[in-house]
Amino acid sequence: MSDANEAANEPIAVIRTPISLDYHYSAGQSASRFLRAIAQGKLLGQKCPVDGRVYFPSRGACPQHGVTFGDEVVELSDKGTVVTFSIVRVPSENIPLELPYITINVLLDGADTILIHVLDAKLEDVRMGMRVQAVWKPKEEWTTSTANILYFRPIDEPDASYDSYKEHI
Ligand SMILES: [Zn+2]
């Protein structure tokens, strides 16, 4: 039997079918405010009127209490604390770091919800409680996109105490 015939009898394990889908996303009031602010280099969260927790990014209503947030916003620092992290060894589009890289759950100062981002640091240095700060694209490249923040980077501050972030693990 020829090689071609043998190949024809092999079971097909994988079929690659690249697909793409273009769609328009209506950001809505809350996300629009958040995205317009990030185009100015500002990180806006919103405070729940029931328990005062600050959500970032805000979706305009509290997922726990079901109440809307209104127009009040809280401007957050671009500094935060690493709550948890993972080492990534699989390539991904739009990540400006070399493999392997670090993804972090970061609790921005003043926020009560975590943000998932990437950290530019040595793998052996990352740890829970590490203090980090956003590294932004050059200002002239800012758009209404979270991609304005390229990644986070460690800063020279003492680690945050476990008690300050343990509820976010
Ligand atoms: Zn709430």
Side-chain angles (χ1 to χ4, degrees), residues 21-88 90 92-97 101-121 123 125-137 139 141-169:
L21 180 64
D22 293 325
Y23 59 92
H24 293 278
Y25 165 70
S26 296
Q29 222 172 27
S30 186
S32 295
R33 181 169 44 212
F34 165 77
L35 292 169
R36 286 192 187 107
I38 209 166
Q40 308 296 316
K42 292 179 181 173
L43 303 175
L44 297 187
Q46 284 193 292
K47 192 178 280 191
C48 173
V50 177
D51 64 7
R53 285 170 63 89
V54 174
Y55 285 80
F56 175 82
S58 162
R59 300 200 183 276
C62 177
Q64 189 179 348
H65 300 105
V67 293
T68 55
F69 288 152
D71 290 329
E72 193 192 344
V73 293
V74 181
E75 188 171 342
L76 300 169
S77 166
D78 67 353
K79 290 183 181 179
T81 298
V82 174
V83 174
T84 59
F85 62 91
S86 303
I87 309 298
V88 179
V90 181
S92 179
E93 286 182 38
N94 304 321
I95 301 291
L97 301 176
Y101 63 85
I102 304 162
T103 63
I104 53 173
N105 283 6
V106 59
L107 184 64
L108 293 182
D109 294 351
D112 291 296
T113 57
I114 56 111
L115 173 71
I116 299 171
H117 220 286
V118 293
L119 177 70
D120 182 25
L123 302 188
D125 289 343
V126 64
R127 60 198 178 272
M128 294 164 72
M130 178 184 238
R131 296 284 296 153
V132 296
Q133 184 168 21
V135 174
W136 296 71
K137 280 183 178 176
K139 197 171 185 175
E141 295 176 26
W142 289 353
T143 63
T144 50
S145 167
T146 54
N148 293 352
I149 296 178
L150 292 168
Y151 43 79
F152 281 75
R153 188 175 271 168
I155 51 175
D156 188 20
E157 288 185 8
D159 284 6
S161 71
Y162 179 68
D163 282 345
S164 71
Y165 61 83
K166 67 181 180 186
E167 74 169 286
H168 302 283
I169 295 172

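In this text, all values refer to a predicted model and were calculated from it rather than measured experimentally. Ligands are counted one by one from 1 in listed order, and the atoms in each one are counted from 1 as well. In this chain, numbering begins with 1 at the start of the sequence shown.
In this structure, Asp78 has no salt bridge (charged side-chain N to carboxylate O under 4.0 Å, His left out) partners at least two apart in sequence or on a different chain. For Pro154, the side-chain contact (heavy atoms from CB on, under 4.5 Å) partners two or more places apart in sequence, or in a different chain, are Leu119, Ala121, Met130.
The structure places NZ of Lys42 at 14.0 Å from CZ of Phe34, a figure rounded to the nearest 0.5 Å.
Taking the centre of each ring, Phe69 and Tyr55 come in below the 6.0 Å mark.
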Would you please test Glu75 and Leu44 for side-chain contact (heavy atoms from CB on, under 4.5 Å) and show each step?
-> CA-CA 5 Å; Glu75 188 171 342; Leu44 297 187; 4.1 Å; yes

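Residue pairs meeting the salt bridge (charged side-chain N to carboxylate O under 4.0 Å, His left out) criterion with at least one partner in residues 44-65, sequence neighbours excluded, are Arg53-Glu167.
Within the protein, the N, O or S atoms sitting under 2.8 Å from the Zn ion (ligand 1) are Cys48 SG, Cys62 SG, His65 ND1.
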